[in-house]
2 protein chains.
Amino acid sequence: MSRMGERLILLAMPSIHAGAWRYPGADPGFQASFEQMAWFARTLEQGCFDGLFLPDTLAARAAPIETLVRGHSIVTLDPLTLLPALAAVTQHIGLIGTASTTYNEPYMLARRLASLDVISGGRAGWNLVTSSNPNEAANFGAEQHMEHGARYRRAREFCTVMDGLWESWDQDAFCRDADSGLYFDAEKMHVLDHHGPHFSVRGPLNVERPVQSRPVVVQAGASEAGRQIAAETAEVIFTYQTDKESAQQFYAEMQCRARAAGRQQALKIIPAVFVVWGETLAQAQEKRRRLDLLVDDASSLATLSIALGHDISHYDPHGPLPDIPESNASKSGRERVIRLARSEDLSIIALARRICGYQGLEMVGTAEMIADQMQLWLECGAADGFNIMFSHLPGGATEFVAQVVPELQQRGLLRLQYEGNTFRDNLGLRTPGPGYSRG
Amino acid sequence: MSRMGERLILLAMPSIHAGAWRYPGADPGFQASFEQMAWFARTLEQGCFDGLFLPDTLAARAAPIETLVRGHSIVTLDPLTLLPALAAVTQHIGLIGTASTTYNEPYMLARRLASLDVISGGRAGWNLVTSSNPNEAANFGAEQHMEHGARYRRAREFCTVMDGLWESWDQDAFCRDADSGLYFDAEKMHVLDHHGPHFSVRGPLNVERPVQSRPVVVQAGASEAGRQIAAETAEVIFTYQTDKESAQQFYAEMQCRARAAGRQQALKIIPAVFVVWGETLAQAQEKRRRLDLLVDDASSLATLSIALGHDISHYDPHGPLPDIPESNASKSGRERVIRLARSEDLSIIALARRICGYQGLEMVGTAEMIADQMQLWLECGAADGFNIMFSHLPGGATEFVAQVVPELQQRGLLRLQYEGNTFRDNLGLRTPGPGYSRG
């Protein structure tokens, strides 16, 4: 599969590397600061990025206190509160907020996202997640999380309700004719009246039709149920792929699933990538080494326990990873971690540092080397673009926009200016026609 | 009770008059437009207003379709999505969002409001409401609304949880020391671990302590349970009072209730007022008459029948109001409407238009006359300020800021520039000290 001449989709999210906040020049409170996040969004926009992606968890990270005090992401800002503020200080960039289908109500979320889409002039995106973290359950009166299957059945119905609510009004429903006194056309209002196993929602939504008809739906499910709901409902797939070959397989499989589900448009597949830029390869590698050294050991072990859904603090950190029982943790994530340990024969502490620092796909090198790798993944059908995490913030984003962006633009892999008016336009996604949710 | 030398608190909300959207020069889509609402917030800020108040309902208005298509407020924007965007384009004005304790989860709402407070630099306000509208219930899977008492018991516990979550972190909890690797001080994190009849919420919140420690809490409950929860939890009371004497009684009663509940600070009592400005009294009255003429007749007559508790559709609309038998409708409301008809010798249709247009407290006249009335209410202990609805938007706000604001400023009733850094500072409310929620 060769795709010469295609353009990359570029998203970015805040730094995730556990040592990044301690990196020289980094602002350790970056993610919790509106001013910094506004700078971030504007800088990405200067770099012609398609979108800013905000992950989310409905709980502060839980860990033994001595570990917890060394973690940098315990406080952030609510994504769907931050994004409208960022919409007001940017003009082009897409704004993707993560929101859980497990602890939200669809009426509430549909109006928040529709409002964000109106406020931003058509730049809203929704990263649909289910909540699998027991710390989140404890903030919502639940003893335990819903089991995996139930979460995804609820998510599927949630998505149906969202689409129905977003179609409460046709684009031209509001004539607002002061002379006749007619405010809207009754034929162009659609009352959902949904009654399903998880939700009963009458509608109509009390917000106009989103500018994009449907905010761009992003999904990252990697399990069987996750892939299926993504194929049925999402337009952008956010994924953690660590090698090109499995990424190609995943790419092909997801397109196939989408076609089988009757979707008429190819999905955009966007792996996460940790980018460390340097003037030379050696400089970039030295940066990465320095970052990893800034990760706290106890935090690493705690992170590994969470990733495995199993407390590994009782084992010898210098010994190998023992067999880990099944748990309620994200199944695919757990398997990936175990696979990494086995394939590289890592001790528990070595595994923990990798996991806690960053264990996924990385591109470490010069602008040319980073562009080469991105181009290769694009052209061989492993990805449509990337969701980039920078080495540290603000510095890593400044460097990327100054150094890597021009290289990508020179190769025709990245736009020189925004071509469309909406996030959907810029991503090359069709705007769903009237009545799309009614089949 | 004389309070010479006090300053008025001025809030404003979008137009509520049913004919306002049709008034010459009005933008009929004002409330659903981010650009217009941004203009509104900035204009109020030029006028040194304390805050912008956004009402909310979790459902589109329900009515017979022929009436519905003539109503102007069926779509707006989600208040807590709009306010962060307004925060980004203003610097001083307080931002009060209405949010229901009946259909939200406290963890979700605490983080939204804490995030808004951080993003706005300490300008968030929360208008705490319970949801009593059956149309809202239908959007949240409920057959019927919770009964009144249950709603208020839930609201009271909701508020306790919010305070506890907002106190998850001390103001100086985050040292973020890159050298030592210590991100926060464990002693300064407070895990709520709340278990009550309605909510179990562990915490801590994953957002820093609000800049104001506690976003300003506003409450409008008018019932016995509503007044009590307001006295126990709120700092600003939003109220509908139609005459000065009952407003004075209400004012005194609420302060008394607050003291009895152990509150250490007087409540700020803010009635709603519909303001119609004119260069002369005659011009202002003509504006009001014109606004009323723009109200749809069928809607007006239906509204009047409800207010009287008596179907008046069989009488000649151009004739006088006949004697109306006693009914189940609010007695004081019914008597007020009948008194209005008799005192101004209004025909049924003229009365209906007036009631449907706006039937609460109004100030119609020149800048001097409006300022006189506001000053009188302030000085006689009937109000600490007003929540203003303008005749129409944008025009009514422009006129008020240009004409009435200077008159108020000249009398020392309104600031010339913002004195404080936070909404709380500007309102003259204390910032709760550390540990306030733990008693």
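Numbers restart at 1 for each chain; the letters A, B, ... are given by sequence-line order, proteins then strands.
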Legend entry - Separation between OH of Y183(A) and CG of D296(B), rounded to the nearest 0.5 Å: 14.5 Å

Legend entry - Side chain, backbone, both or neither of E105(B) within contact of chain A (heavy atoms, under 4.5 Å): side chain

Legend entry - Residues in residues 184-194 of chain B near chain A [non-hydrogen atoms, under 4.5 Å]: F184(B), A186(B), M189(B)

Inset, instruction - To the nearest 0.5 Å, tell me how far D179(B) CG sits from R22(A) CZ. - result: 8.0 Å

Legend entry - The single option from L82(A), D78(A), T81(A) passing side-chain contact (heavy atoms from CB on, under 4.5 Å) against L116(B): T81(A)

Legend entry - chain A contact via F199(B) - which portion, at a heavy-atom distance below 4.5 Å: neither

Legend entry - Flag, side chain of N139(B) to backbone of G203(A), donor-acceptor distance under 3.5 Å: yes

Legend entry - Contact origin within S180(B) toward chain A - heavy atom pairs under 4.5 Å: backbone

Legend entry - Any residue of residues 27-35 of chain A which, by heavy atoms, sits under 4.5 Å from chain B: P28(A), G29(A), A32(A), F34(A)

Inset, instruction - Examine whether an atom of L205(A) lies under 4.5 Å from a heavy atom of chain B, and if so say whether it belongs to the side chain, the backbone or both; otherwise answer neither. - result: backbone

Legend entry - Heavy-atom check, side chain of N135(B) versus side chain of R202(A), under 4.5 Å: yes

Legend entry - Test item: I119(B) and M37(A) side chains (from C-beta on) under 4.5 Å apart, heavy atoms: no

